[in-house]
Amino acid sequence: MSAERYNPREMEPHWQKVWDQNQSFVSSNDDPRERYYVLEMFPYPSGRIHMGHVRNYSMGDVVARYHRARGKNVLHPMGWDAFGLPAENAAIERKTHPGTWTRQNIGAMKAQLKSMGLAIDWTREIATCEPEYYQHQQALFIDMLAADLITRKKSKVNWDPVDMTVLANEQVIDGKGWRSGAPVEQRELTQWFFKISDYAEDLLDGLDGLTEWPEKVRLMQRNWIGKSEGMRLLFELTGAQQTSATSIDVFTTRPDTIFGASFIALSPDHQLTGELALNNPALTAFVAECHQLGTATEALEKAEKKGLFTGLHVKHPVIEGATLPVYVANFVLMEYGTGAIFGCPAHDQRDLDFARKYDLPVVPVVLPPGVDADTFTVTNDAYVDGGTIFNSGFLTGLTIDAAKQQVAEYFGARRVDGQAQGKVEVNYRLRDWGISRQRYWGCPIPVIHCEVCGTIAVPKKDLPVVLPEDVSFDRPGNALDHHPTWKHVNCHQCGGAATRETDTMDTFVDSSWYFARFTAPNAKTPTDPKAANEWLPVDQYIGGVEHAILHLLYSRFFTRAMKATGHVAMNEPFKGLFTQGMVTHETYKSAEGDWVPPTDIVLETFGEGRRAKHFKTGQPITIGSVEKMSKSKKNVVDPDEIVATYGADTARWFMLSDSPPERDVQWTESGVEGASRFQQRIWRLVGETIEIVKQSAAIAVVSDDSEAVALRKVAHRAVHQISGDIEGLRFNRAVAQIYELTNALVRTAGIAAAAPASRIAALTDGVERLIQLLAPMMPHLAETCWQALGKSGLVADAPWPSVDPAMLVDDEVIIPIQVNGKRRGEITVPKGTPVAEIERQVLSMEVIARMLDGNPPKKLVIVPDRIVNVVI
RNA sequence: GCGGGCGUGGUGGAAUGGUAGACACACAGGACUUAAAAUCCUGAGAGGGUAUCCUCGUGCGGGUUCGAGCCCCGCCGCCCGCACCA
């Protein structure tokens, strides 16, 4: 065999073309075989793929190719999350249309993805910005509107002043817009909302069934939904009424502490607060102060508990003749519960801080276990743990749970303003999903506003409501709203003048159902329910953990909404979820403190140390910390350059090796070099094997010698282990196993020229298996080797190698011998050697005899086939 | 503050309660070569003896066990998520 190096630059495009021509990865909805749907989170077409994409799609591709080899009908599609603000910003900067920019980017990125050799069914490609896609989203909207899953209401919303649009709660991170990073302001606007909160309980329950999701993500969603069980209580106002209200409605999770109540606090945004402020300048000023603090966000942690007495009192509901003062307090949120609380300072830290500041009574009503009622006091720390209720009239002596039940019965029976004074209630932190965005580059909301008929949905026959092409971004704000004619229509009901809704949908709507569209991308309706129900839920979904709440929660809601409107039959979109880690790289800084890209660096090693200098100027460069690849720190590596230099297989292989997939992986030049060397090593091994076979072709195989059997065992074991590792997404371990198999085969090939035919047969068999194991990870190299080995067809179409269970069993085992838990030797015995025989051998060992020094062992632990421990 | 995760050689990391450090990267030595690259071989947790023998060793301190990186209790450190949620 010639010493020719494997040339990925030549072979990779070749095999990509072959797969394309053979339609190797096109999946059919009519294929009767078992289905497997693997999906990676589809990319936003920003212009170029980055290493995070390479990692993500390499993992998904291994899963897809593996299950294909396992004989399944695999669906592995790709699309584009193509609406979004960057396109509008680019349009402004480049004086082009957002669609032009987006479609160019899609073209460029598609070429990049193709160069990776992914086993993708490109016939199902979708882009959310095309009417072919979003018309169906509009149809879904109309169905959801009819099913009362959507509402339009005026409410306080998060306004991003930089992106000039509204954001959903989930899209505000630390008080800042998730994309712009600008501090979010509060505005009162009329908006479209998906009623996700109607599904709060169901979304929570559903998490229990998602056993193939990371526990971490389930927990984050659980916390986000934020269920709390408690009671709603009415407190009657006393005295002459200065207000329209006669009572105050509060929510509490601790009705058992009602006897310890010492004040009522209203949110600054409470309706009653507003009413009182009209005639109370001090209160007006206080409310304004709260709002200022509120929008400044953060630092809330240290913000002092502050309040202002309103002059109002309520009757204490359980202590006859007692009253409680009503305050407005800065820490009470209007968005949670009823916007009003009762304060029980002894058992809530926040209430205690407030009570100390305003000198309000602190009455303990929960007695910690084993503490004497006479000596128990609360000073600076509220007691929030369990105990027995005391100081509490008819509740005294009860447990907390029993007291809660008693209070519920007691207040349930009493009437205030004609209604029950108290009722059990469950509250959720989850708010409805506001989807109106004041932007052009999004899916138009298919609704018109008619003065006569009101706000009504566009009839489905008039879909799609298409974005106008002739738009200008000269002015800030919503280009759709500024368009001279687009929004003016005649009402389809009365024929009168009407206007279109000019808000577009949040782009997270687009990604909330694309996985369903892939199952029938050309259907005339949003889904083909038959296809969707056969493919969904997605068997394995792979993406970044940053979508733990946003995209994954929305998609779970949307699937339920699609079920309610008859488009799919299941609740959950993703059966298995895997969240992969980020791709990181060292950072480099020049003496001037500027970030320097890795491509400008020359690294030198000297013994243990490393240093860097600039490749051109030779200036010393400081090696900084390892960070997520980002443009700002210039520590990015361009996939295109890696593919051009080393080939796609090398990049894929490196992304799968070393680090466990859920953890961050550090991109290093030496790591890539290593991956590339391994590629050549495989190619040499194949070449040598072919050569060996050629020279010994005439010899017939009689039977395997022990060396040959040993080699076969290594190969079978590798297939067995790697199958399990791929199924468990432990790619780094699969890679290590492949290395081991390769090492064993290379060793054999090195001495096989003079070996018996049986060993050559075992070698050939092992190499073929190796190539098949390699195929999901380095598919181009594998095809090249497969062909070189003279195998017919494509390795991509070859069934996964079988495992002979007999090959997984060893007939001899090495048993380590410990003395007092420390390893002192080992014995090699036939598998299944009885305890008595092991004992005999162990006790006759020289080391053991020496250490026993004539005494019998105190204890002898023998686990057959595993280990022996001699206790002295 | 609440919740979750992690801590193993120079580095990334392996290890159903059973030989800690698989596999890889980096490093050192050697072979081949005029030389380099490539390739192949060898070495390596630390310390000592300096053949194949001993001691220590998975963040720290305890515990359970014949046996603990793994299980339990208490700390320390780092990372992530949520955060005035009544």
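Everything quoted here is computed from the prediction, not taken from an experiment. Here is the naming used below: chain letters follow the sequence lines, and residue numbers restart at 1 for every chain.
- In the set B/C84, B/A26, B/A22, the nucleotide with an atom closest to the side chain of A/Ala736 is B/A22.
- Between B/A24, B/C80, B/A38, one nucleotide has an atom nearer to the side chain of A/Tyr739 than all others, and that is B/A24.
- Residue A/Ser657 is classed as having no contact, given no heavy-atom separation below 4.0 Å to the nucleic acid.
- Looking at heavy-atom distances under 4.0 Å, A/Arg824 makes contact with sugar-phosphate atoms alone, never a base.
- When both pairing distances are held under 3.5 Å, B/C71 makes a Watson-Crick or G-U pair with B/G63.
- One interatomic measurement links the two molecules: CZ of A/Phe678 to C1' of B/A38, which rounds to 17 Å at whole-angstrom precision.
- Residue-level contact check: A/Val545 touches neither bases nor backbone, having no heavy atom under 4.0 Å from any strand.
- Between A/Trp653 and A/Tyr739, the ring-plane angle classifies as perpendicular under the 30° and 60° cut-offs.
- Side-chain N/O atoms of A/Arg681 include one lying less than 4.0 angstrom from OP1 or OP2 on B/C40.
- Here the nucleotide nearest the side chain of A/Ile814, chosen from B/U19, B/G13, B/C84, is B/U19.
- B/G5 and B/G9 are spaced 22 Å apart, taking the P atom of each and rounding to whole Å.
- Using Watson-Crick or G-U wobble geometry with both donor-acceptor distances under 3.5 Å, B/G7 finds its partner in B/C76.
- Both A/Ile341 and A/Ser670 lie close to RNA chain B; mapped to their nearest nucleotides by heavy-atom distance, the more 5′-ward contact belongs to A/Ser670.
- The residue among A/Val871 and A/Arg350 whose nearest nucleotide of RNA chain B is located toward the 5' end is A/Val871.
- Side-chain contact annotation: A/Arg663 with A/Gln580, donor-acceptor N/O pair under 3.5 Å absent.
- By the 6.0 Å and 45° rule, A/Arg5 does not stack over the aromatic ring of A/Trp683.
- At B/A83, one or more side-chain N or O atoms of A/Arg429 fall inside 4.0 Å of OP1 or OP2 (strictly under the cut-off).
- For the pair A/Asp725 CG and B/C23 C1', the computed distance is 12 Å after rounding to whole Å.
- Between B/A37 and B/C32, the two P atoms lie 15 Å apart (nearest whole Å).
- B/G1 sits 29 Å from B/G13 when the P atoms are compared, rounded to a whole Å.
- With both ends at atom C1', the span from B/A36 to B/U42 equals 22 Å, rounded to whole Å.
- Using a 4.0 Å heavy-atom criterion, one finds that A/Gln818 contacts the bases of the nucleic acid, with or without backbone contacts as well.
- The separation between A/Met655 atom CE and B/G13 atom P is 13 Å, rounded to whole Å.
- In this structure, A/Asn427 reaches neither bases nor backbone, as no heavy-atom distance under 4.0 Å exists between it and the strands shown.
- In this structure, the CD atom of A/Gln721 is 13 Å from the C1' atom of B/C23, given to the nearest Å.
- Base contact: A/Phe251 has a heavy atom under 4.0 Å from a base atom.
- Considering only side-chain atoms of A/Glu740, the nucleotide from B/C40, B/C25, B/C23 that sits closest is B/C23.
- A/Glu627 and A/Ser625 share a donor-acceptor pair across their side chains, judged by distance under 3.5 Å alone.
- In this structure B/G69 sits in the anti conformation; its chi angle is more than 90° from 0.
- Using P as the reference atom, B/G18 and B/A24 are 24 Å apart when rounded to the nearest Å.
- Between A/Arg431 and A/Tyr428, the shortest heavy-atom distance links the atoms NH2-O, 3.8 Å.
- Judged by Watson-Crick or G-U wobble contacts below 3.5 Å, the nucleotide B/U58 has no partner.
- The phosphate of B/A86 (OP1 or OP2) has a side-chain N or O of A/Tyr336 nearer than 4.0 angstrom.
- Taking atom CD1 of A/Ile867 as the reference point, atom P of B/A20 lies 8 Å away to the nearest angstrom.
- A/Leu219 comes within 4.0 angstrom of the backbone, heavy atoms only, and of no base.
- Taking atom C1' in both B/G43 and B/G10, one finds a spacing of 15 Å when rounded to whole Å.
- No contact: A/Asp351 has no heavy atom under 4.0 Å from any strand.
- A/Met845 has its CE atom 14 Å from the C1' atom of B/U52, to the nearest Å.
- Evaluation of the side chain to side chain donor-acceptor pair (under 3.5 Å) test over residues 341-351 of chain A, restricted to residues two or more places apart or in two chains, returns A/Gln349-A/Asp353.
- Counting only N and O atoms by type, the side chains of A/Tyr6 and A/Ser676 include no donor and acceptor under 3.5 Å apart.
- In this entry B/C82 has B/G1 as its Watson-Crick or G-U wobble partner, both defining distances falling under 3.5 Å.
- Between the side chains of A/Asp432 and A/Ser197, at least one donor-acceptor pair of N or O atoms lies under 3.5 Å.
- Note on A/Lys822: only backbone sugar-phosphate atoms sit closer than 4.0 angstrom, heavy atoms only; bases stay farther off.
- When both distances must be under 3.5 Å, the Watson-Crick or G-U wobble mate of B/A26 does not exist.
- Side-chain atoms of A/Asp658 lie closest to B/A24 of the nucleotides B/A38, B/A24, B/A86.
- A/Asn743 has a side-chain polar atom (N or O) that falls below the 4.0 Å cut-off from OP1 or OP2 of B/A24.
- For B/C84, its base sits under 3.5 Å from the side chain of A/Lys305 at one donor and acceptor pair at least.
- In this structure, CD1 of A/Ile225 is placed 15 Å from C1' of B/C85, rounded to the nearest angstrom.
- Using C1' as the reference atom, B/C73 and B/A86 are 34 Å apart when rounded to the nearest Å.
- Counting only N and O atoms by type, the side chains of A/Arg681 and A/Asn743 include a donor and acceptor under 3.5 Å apart.
- Between B/U58 and B/C53, the two P atoms lie 23 Å apart (nearest whole Å).
- The side chain of A/Arg663 places no N or O atom within less than 4.0 Å of a non-bridging phosphate oxygen (OP1 or OP2) of B/G5.
- A/Glu673 and A/Tyr646 form a side-chain donor-acceptor contact under 3.5 Å, judged by distance and modelled atom types alone.
- For A/Lys859 and B/C66, the shortest distance from a side-chain N or O to OP1 or OP2 is below 4.0 Å.
- One can place CD of A/Glu546 at 19 Å from P of B/C79, the figure rounded to the nearest angstrom.
- Pairing of B/U39, defined by two Watson-Crick or G-U wobble distances under 3.5 Å, is identified with B/A31.
- Within 4.0 Å (heavy atoms only), A/Asn869 reaches at least one base atom of the nucleic acid.
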